[in-house]
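See below for the structure under consideration.
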Amino acid sequence: MSRSLRKADAKSLIDSTDTEERVFGQTELPVLSSLQDECSLLGASGFAGSGRHAGKPAPGLLEHGVACANIYSFSEETVSRPYDFQSIESKWQERWAAARAFEVTEDSARAKFYCLEMLPYPSGKIHMGHVRNYSIGDVVARFKRMRGFNVLHPIGWDALGLPAENAALKHGAHPEEWTRSNISHMKRQLQRMGFSYAWDREIASCDPAYYRWNQWFFIQMFKKGIAYRKKAAVNWCPSCQTVLANEQVEGGRCWRCGSEVSQRDLEQWFLRTTQYAEELLSDMALLGQWPERVLTMQRNWIGRSEGAEIDFPVEGEDPIRVFTTRVDTIFGATFLLLAPGHPRAKAYADRSPELARFMEEVTREAKDPATVEKKGMATGCYAVNPFTQQPVPIWVADYVLMEYGTGAVMAVPAHDERDFDFARKYELPIRVVVQPSDATLSEDSIEAAYVDYGTLVDSGPFTGLPSQEAISAMARYAEEQGFGKKTITYRLRDWGISRQRYWGTPIPMIHCGACGIVPVPEEELPVVLPKAIQITGQGESPLAAMPEFVNVACPQCGGAGRRETDTMDTFVDSSWYFYRYTDPKNDTAAVSASAVGYWFPIDLYIGGIEHAILHLIYSRFWTKVMRDLGLVAISEPVTQLLSQGMVLKDGAVMSKSTGNVVEPDEVVERYGADTLRLYVLFEAPPEKEIDWTDQRLEGPARFLQRVWRLVDAEATQVKAAGLIDGEEDWNEAEASLRRKTHQTILRVTRDIEERFHMNTAISAIMELTNEVYRSLEPRPERPEAWRAVGEAVEAIVLLISPFTPHAAEEMWEILGQRGGLNRVEWPSYDPAMAVQEIVTLVLQVNGRVRSRIAIPADLEEGEVRRLALDDEKVRSLTLGRTVERVVVVPKRLVNVVVTE
RNA sequence: GCCGGGGUGGCGGAAUGGCAGACGCGGGGGACUUAAAAUCCCCUGAGGCAACCCCUCGUGCGGGUUCGAGUCCCGCCCCCGGCACCA
């Protein structure tokens, strides 16, 4: 039977219900008029036809979701009303909005908490990844509020970028219209999820009032030499018809469309991220609360290597400088390799049409290192190995990268796999100069490069040294002799930010024939994107085709100038947006010192692992630049990072093309936002991925209704019993329930606060709920019992409120509370309450569990030991054997160690 | 190849070195019902046993430390992620 309200109580409760206060005005009438006839109840609820037998369910959703969410709990004795999530959720969303419940101001008297989730791109509608990301953040924000923090929990829109232009091409909509309408739709969706955002701080990067500051930052960086222009081989996506940053190329393909990327030479704007490479690396020491995998990815990406630069003299020319991490192998350097893009290689190519053809060919080819054979061509020129004084031939090879090191390498075939392959193919000499400890290599017998450290041989005065020692000794020698030095090289490249696109921040620069490149005067910012535009999706920026945009007077000389028509990479927008939230309407500065000083650093930043590198390195870089500009006092923007796992369906990323998308709206429609939130939070800990399963929605849905029924049905009894006054004489059952309540408060608090494991927090609340149900069977008589139940029920409602805020607010009200949960304190844990007086002691013999006994928790050790040895089971197993020792773990177990 | 993270029931997942599998899904049984749905209760790692008294095995594999190991150490295997002609 249902452990709900007695029928009489139900009647009186419903009769007394103020329909204005309760949200059930619509559905409760049938309840009253037809308590005797459930069928008509179901009919009246309007959902009976949508159940299991109603024909085909909507794809991807549980078939009887609505029906089961609206079924009336019913029995001879008791009744509770349906959990009508639709009206509950809209009621509370309206209230929160009207009360501006989540807006905050700086308050130096209160501890702040800045809870941030990665801002969405307004692609059209939210997806499950958003739901998960923002649900996690919302739990933390609501929890921290109840813990007394002044919580900043903002949201905005990463609103510039390619898809808006693609939409313009496809549907003819203006990028701005498309973006704005997406924003307003997605905003409604977010509100429907009940996320507790400070909507008054909402920003959109496509607002000139926002991107104006991108332009301002750019000019400051230009003045400091951080923003600079250079002609460079850039990645060109033939499909998107635009330049891509290195970071936007994945395995030689465009990160967006997957087309093969080719190379082009263009004048581009760059930000000198490499200037901060060392600091980006060393400051990771400050990121102790970042996931290890993210730090690892960034470390790999920055790619620091220590080595040496060595000059190889060339007769009649400048020496060629190489970078090597293995200068200890230099006596084995039998040839020199230049990247096809190396200036010296180009000079040689001018003299040799054959070489020129070769270089052009290998530059054009997209190469896959795993499969493609290395190619090279001799230049016919020679350099001198400065250690051996031997001449070495200079070759051009396709596997040498211009962008890394110096673009030239010394080739040591005996000790580098790639050089070994190359030497074998082109029959170049191989010289062994490092010997392993367990074998002796020779030129004739060597089968593969030996790349590990060893002992130097045939290396002049360095012979006999171990590699490690030789590396520093030889670098020192080169430095003394003036043909080399120790150096550090990074894989990180400067950040190319020019895009030949319309829907981005115009780069605020003017090209003047007389003055060169001149920044737009700051008082003229923003340079606004013109509205009347033709998007063709090809060639140069669409802005270049607008004379009224391009033609402008030079701010310096007043002569005819041309405006820069490239726009900025959208990663610029997201590199500093979180600062803007602290002072979003400031029209005199990007940020204000007081607001940033109060709110920063971000205490918790939550987002997808896909942003582990790009966004998070750029953001760190930007913060360091802002610090050097005197805008902020910190070096790192984010104290703790939480990388949440993806939401998959059938093991694959949800995508339109795969057809495995589950729409949040549809789930909200059928189950309510609270249940959806509960599902994504309960399914797994946040950092793991989850595979969406319709079936599993049932658990959270049932649980929430179970809590609902409990609260709704027992509210009258609980209220009548009154509050705990400390005078009660608890019996064991009551004390046990109270113990469970306080243990649960502790568990839930820790799970949220310390590790964000929402799944175990929820399961703890489930346990307490189950416990309360059990305590109502049989229905208790004592008022004390009802007070204990009341305490538990109240705790459940408060503990669950960050997860299912709408239902919690409603239940809080049903329990007779007013004023909303926003200002209610998180339940406090009473350590004395949670202490167990009687504990179960596990008895082991030789490490195997053999028995259990109940003992008082404070029993002294000698007594515990005696009771354990006295246990019948233990005695039977120790009979005739020698007790070697007895291990007593207080309140837990006793292990009796015996031998034959 | 280098670096990082993981391998626990039919499934998602729990376990400060101390009862492996909490909680939930699925499955089975029962109560209620004319019936179904919903709800409530019980059972649900594998094997053994006449026995729901128990016993054995069990956290990828092999060793080790320990009274006691999913957890710590050593050596492997596999999976996932990042980087990758980076000299």
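Chain letters run A, B, ... following the sequence lines, proteins first and then strands; every chain starts at 1.
Scanning atom types as modelled, no donor and acceptor separated by under 3.5 angstrom connect the side chain of Arg747(A) and the base of C23(B). Scanning atom types as modelled, one donor and one acceptor separated by under 3.5 angstrom connect the side chain of Arg696(A) and the base of C11(B). Looking at Asn300(A), its side chain has no donor and acceptor atom pair within 3.5 Å of the base of C83(B). With hydrogens and angles left out, the side chain of Arg852(A) and the base of C19(B) share a donor-acceptor pair within 3.5 Å.
Separation of atoms NE2 (His615(A)) and CD1 (Ile613(A)) is listed at 13.0 Å; rounding is to 0.5 Å.
Relative to the side chain of Thr325(A), the nucleotides G26(B), A87(B), C67(B) differ in distance, and A87(B) lies closest. Among the nucleotides G4(B), A87(B), G12(B), the one closest to any side-chain atom of Val400(A) is A87(B). Of the candidates G4(B), C67(B), A20(B), the closest approach to any side-chain atom of Thr296(A) belongs to G4(B). Nearest nucleotide to the Gln844(A) side chain, out of G26(B), G18(B), G82(B): G18(B). Considering only the side chain of Arg491(A), A84(B) comes nearest among A87(B), A84(B), G18(B). The side chain of Ile613(A) approaches C83(B) more closely than any other nucleotide in the set C41(B), C83(B), C57(B). Side-chain proximity of Tyr773(A) to C41(B), G26(B), G18(B): nearest is C41(B). Residue Arg418(A) has its side chain nearest to A87(B) when only C57(B), G12(B), A87(B) are considered. Out of A87(B), C25(B), C57(B), the shortest distance to the side chain of Gln695(A) is found at C25(B). Candidate nucleotides C57(B), G12(B), G81(B) were compared by shortest atom distance to the side chain of Glu683(A), and G12(B) ranks first.
The pair Lys375(A)-Glu373(A) fails the salt-bridge criterion, with no side-chain N (NZ, NE, NH1 or NH2) lying under 4.0 Å from an Asp/Glu carboxylate O. A salt bridge is absent between Asp421(A) and Lys425(A): the closest approach of a Lys/Arg side-chain nitrogen to an acidic carboxylate oxygen does not fall below 4.0 angstrom.
Remark: the Gln644(A) side chain and the Glu689(A) side chain contain no N/O donor-acceptor pair separated by less than 3.5 Å. Counted by atom type alone, Tyr450(A) and Asp416(A) present zero donor-acceptor pairs between their side chains at under 3.5 Å. Judged purely by distance below 3.5 Å, without hydrogens or angles, the side chains of Arg755(A) and Thr760(A) pair a donor atom with an acceptor atom. Between the side chains of Tyr490(A) and Thr273(A), no donor N or O sits under 3.5 Å from an acceptor N or O.
Ring geometry, Phe422(A) versus Tyr426(A): the interplanar angle falls from 30° to 60°, so the pair is classed tilted.
Heavy atoms of Phe682(A) sit under 4.0 angstrom from at least one base atom. If you check every strand for non-hydrogen atoms under 4.0 Å, Thr693(A) touches nothing. Within 4.0 Å of Val889(A), counting heavy atoms only, lies at least one base atom of the nucleic acid.
Comparing Gln298(A) and Val887(A) along RNA chain B, the residue whose closest nucleotide (by nearest heavy atom) sits nearer the 5' end is Val887(A). Of the residues near RNA chain B, Arg299(A) and Asn846(A), the one whose nearest nucleotide (by heavy atom distance) lies more toward the 5' end is Arg299(A).
Listed by first and then second residue, the side chain to side chain donor-acceptor pair (under 3.5 Å) pairs involving residues 289-298 of chain A are Gln298(A)-Arg620(A) (not counting sequence neighbours).
One P atom belongs to U59(B), the other to G9(B), and the distance between them is 9 Å to the nearest Å.
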Please set out all donor-acceptor pairs under 3.5 angstrom arising from side-chain atoms of residues 325-339 of chain A, sequence neighbours excluded.
residue, atom, partner, partner atom, Å
Arg326(A), NE, Asp328(A), OD1, 2.9
Arg326(A), NE, Asp328(A), OD2, 3.4
Arg326(A), NH1, Val451(A), O, 2.8
Arg326(A), NH2, Asp328(A), OD2, 3.0
Asp328(A), OD2, Ser467(A), OG, 3.1
Thr329(A), OG1, Arg326(A), O, 2.7
Thr334(A), OG1, Pro429(A), O, 2.7

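Around CD of Glu610(A), the count of heavy atoms belonging to other residues, nucleotides or ligands within 6.0 Å exceeds 12. Within 6.0 Å of CZ in Arg850(A) there are more than 12 heavy atoms belonging to other residues, nucleotides or ligands.
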Heteroatom pairs (N/O) under 3.5 angstrom, protein to nucleotides 63-65 of chain B:
none

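Regarding the sugar-base torsion, G9(B) falls in the syn class, its angle being within 90° of 0.
Looking at residues 752-767 of chain A, you'll see Arg755(A), Asn759(A), Thr760(A), Ser763(A), Met766(A), Glu767(A) sit with a heavy atom under 4.0 Å from some atom of RNA chain B.
For A38(B), the OP1/OP2 oxygens have no side-chain nitrogen or oxygen of Arg702(A) closer than 4.0 Å.
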### Summary
Readout for nucleotides 43-54 of chain B: B = base within 4.0 Å of protein heavy atom, S = sugar-phosphate only, - = neither; 5' to 3' it is -----------S
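Listed by first residue number, the stems of RNA chain B with at least three Watson-Crick or G-U pairs below 3.5 Å are B:1-7 with B:77-83, B:10-12 with B:23-25, B:26-31 with B:39-44, B:45-48 with B:54-57, B:60-64 with B:72-76.
Figure legend: Arg706(A) and Tyr773(A) shown as a cation-pi pair, the cationic atom lying under 6.0 angstrom from the six-membered ring centre and within 45 degrees of its axis.
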